[in-house]
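Presented below is the structure to which this report refers.
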Protein chains: 2
Amino acid sequence: MGAAAQRAEAENEEWAGVTPDAARRLVSAAVAAFAERGYHATTTRDIAGRAGMSPAALYIHYKTKEELLYRISGIGHEKALRIMGAAAEAEGGATERLADAVRTFARWHAEHHTTARVIQYELQALGADHYAEIADLRRRTDRLLRGIIQDGADSGEFRVDDVPGTTLAVLSLCVDVARWFSADGPRTPDEVGALYADLVLRMVGARTAPATE
Amino acid sequence: MGAAAQRAEAENEEWAGVTPDAARRLVSAAVAAFAERGYHATTTRDIAGRAGMSPAALYIHYKTKEELLYRISGIGHEKALRIMGAAAEAEGGATERLADAVRTFARWHAEHHTTARVIQYELQALGADHYAEIADLRRRTDRLLRGIIQDGADSGEFRVDDVPGTTLAVLSLCVDVARWFSADGPRTPDEVGALYADLVLRMVGARTAPATE
DNA sequence: CGCGCCGCTGAGCAAGCGCTTAGCGCCCGG
DNA sequence: CCGGGCGCTAAGCGCTTGCTCAGCGGCGCG
């Protein structure tokens, strides 16, 4: 199997929960197109074409183009929330949990940078109702991360002056990976995760340096 | 003068170098529209309307809508490069220069967040030639920041394992301010600059804590 | 006072947009 | 072997888009 085919298969697996097959192919095609050109520059003909169908077929599975973006955003943000939740609720001290959160969160944004780009940078194209739903998922992700950092500050593991500000910065750092990351670049998603975990532990003034590996 | 009028005046001053007046009003209107809805979702009628003219007037001053974006991008990136250059070439140790660079760079992205949003997140809408020109300005900004961090690493002021990676993260952090910053939010641009300078000095393991103010 | 020029407008063109509809062919239960 | 329904397509509708162009008005100069 070629590299391109492998990538296509991996992208398809990401949307395994979407059925039937035609709907999944449409989601996969839309993510690729939205990430490449942006939501507004992408036409329904382009999405349908990438999925190997006629433009009209799109409307059997989704009411509008915006609903496609909404579905993508929902699934993507739920995945991001689950990643943050797993780290936040894990056993261990704040240092380990923060390192794990940043490592996995940043790595996901690198590995799935096309999906991440869409869900992080095309939000404004959502309708007001859909935006509100997604904004709630984002607030919950923020709250989980803030909880870890607050724990570390309370226990004395971290030295942070401004917990909400630092949380915002950490989240911003991880999210922005989706903007600059390229699969052709010099860094693997694992390396980005490791680098970012290290940088963030320094940002919060964690007392014990983690194993640099 | 009302707050809205004051903001409008401040936005207009930002483009003082653009003449004649009608061309400046168009740039100002385009920045506002592009930042609010994105380049592709903004119509020439919308831009002209905000500038108080008919759609046709736009084409007396700019050949295409894309040229407007190019002009905005060029001026904005040159400003960003100048900010970074001023900090990089200043007297003083790497710690002071890095703190100054991050403080002013992040503050600019907060204060001029509409302009910054356009130049940082609408790049893909540029034509290939124009994109290449802008990409060069961005590389030069990156190189200046990397120089400061490298200096600190060489002199022993900083402890950084991965200079290009850390540079990328610092730049990413500052740039992403444009995405989340809101004038209605709890933080002033000065506060963002101060917070970010502090966080970045920790990221590079600067030995001496700077004056917290 | 009148004339030319220049910034601008009103009207509109071709193209492409999101989305709809009528109908085709294949698959499956009887 | 047939008939109904479902996933899909070809065609195209109404509208908006970026952009054009003929001509108007008012200001400066002679």
Side-chain angles (χ1 to χ4, degrees), chain A residues 12 15 17-73 118 122-131, chain B residues 12 15 17-73 118 122-131:
Chain A
N12 220 32
W15 306 105
V18 182
T19 52
D21 182 66
R24 174 167 51 251
R25 265 157 49 219
L26 283 165
V27 165
S28 199
V31 168
F34 291 162
E36 203 174 303
R37 322 185 191 211
Y39 175 82
H40 287 292
T42 299
T43 70
T44 54
R45 284 167 238 272
D46 184 21
I47 298 169
R50 285 179 194 239
M53 324 179 182
S54 81
L58 193 153
Y59 294 91
I60 294 161
H61 302 284
Y62 303 95
K63 267 207 303 265
T64 62
K65 185 173 101 168
E66 191 266 356
E67 198 196 312
L68 246 175
L69 177 63
Y70 169 61
R71 289 285 230 273
I72 292 164
S73 271
V118 174
E122 303 293 337
L123 275 179
Q124 47 145 24
L126 288 170
D129 293 355
H130 287 163
Y131 180 85
Chain B
N12 219 30
W15 306 104
V18 182
T19 52
D21 182 66
R24 174 168 52 250
R25 266 157 49 220
L26 282 166
V27 165
S28 200
V31 168
F34 290 164
E36 203 174 304
R37 323 185 190 210
Y39 174 83
H40 287 293
T42 299
T43 69
T44 54
R45 284 167 239 270
D46 184 20
I47 298 169
R50 285 179 195 238
M53 324 179 181
S54 81
L58 194 153
Y59 294 91
I60 293 160
H61 302 285
Y62 303 94
K63 266 206 305 260
T64 62
K65 186 174 101 168
E66 191 266 357
E67 197 195 313
L68 246 174
L69 177 64
Y70 170 61
R71 289 285 232 273
I72 292 164
S73 271
V118 174
E122 303 293 336
L123 275 178
Q124 46 146 19
L126 288 170
D129 293 355
H130 287 164
Y131 180 85

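Predicted model, so just to flag it, every value in this text is computed and none were measured. Below, chains carry the letters A, B, ... as their sequence lines are ordered, and counting in each starts from 1.
- Axis angle, first five pairs versus last five pairs of the helix from C:dC1-D:dG30 to C:dG30-D:dC1: 0°, rounded to 10°.
- Within the 3.5 Å criterion, the main-chain N or O of B:L58 finds no donor-acceptor partner in the side chain of B:K65.
- Rounded to the nearest 0.5 Å, atoms CD1 (B:I47) and CZ (B:F34) are 4.0 Å apart.
- In this structure, CD1 of A:I60 is placed 14 Å from C1' of C:dG25, rounded to the nearest angstrom.
- Contacts classified as salt bridge (Lys or Arg N to Asp or Glu O under 4.0 Å) and involving residues 32-59 of chain B (residues at least two apart or in different chains) are given here: B:E36-B:R50, B:R37-B:D46, B:D46-B:R50.
- Between B:H61 and C:dG7 there is no side-chain polar atom (N or O) within less than 4.0 angstrom of OP1 or OP2.
- Going from atom CE of A:M53 over to atom P of D:dA11 covers 20 Å, rounded to whole Å.
- For A:Y62 and D:dG7, the OH to P distance is 14 Å, given to the nearest whole Å.
- Not counting sequence neighbours, the partners of B:H130 by the ring-ring contact (aromatic ring centres under 6.0 Å, His included) test are B:Y70.
- Formation of a donor-acceptor pair under 3.5 Å by the B:E122 side chain with backbone atoms of B:L69 is not found in this model.
- In this structure, A:Y39 contributes its side chain and A:V118 its backbone to no donor-acceptor pair below 3.5 Å.
- Remark: B:H61 pairs with no residue by the ring-ring contact (aromatic ring centres under 6.0 Å, His included) rule, at least two apart or across chains.
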I'd like to compare against my own output: the B/S/- annotation of nucleotides 12-24 of chain C with a strict under-4.0 Å heavy-atom distance to protein.
B----BBBBB---
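- Considering only residues two or more places apart in sequence or on other chains, B:Y62 meets the ring-ring contact (aromatic ring centres under 6.0 Å, His included) condition with none of them.
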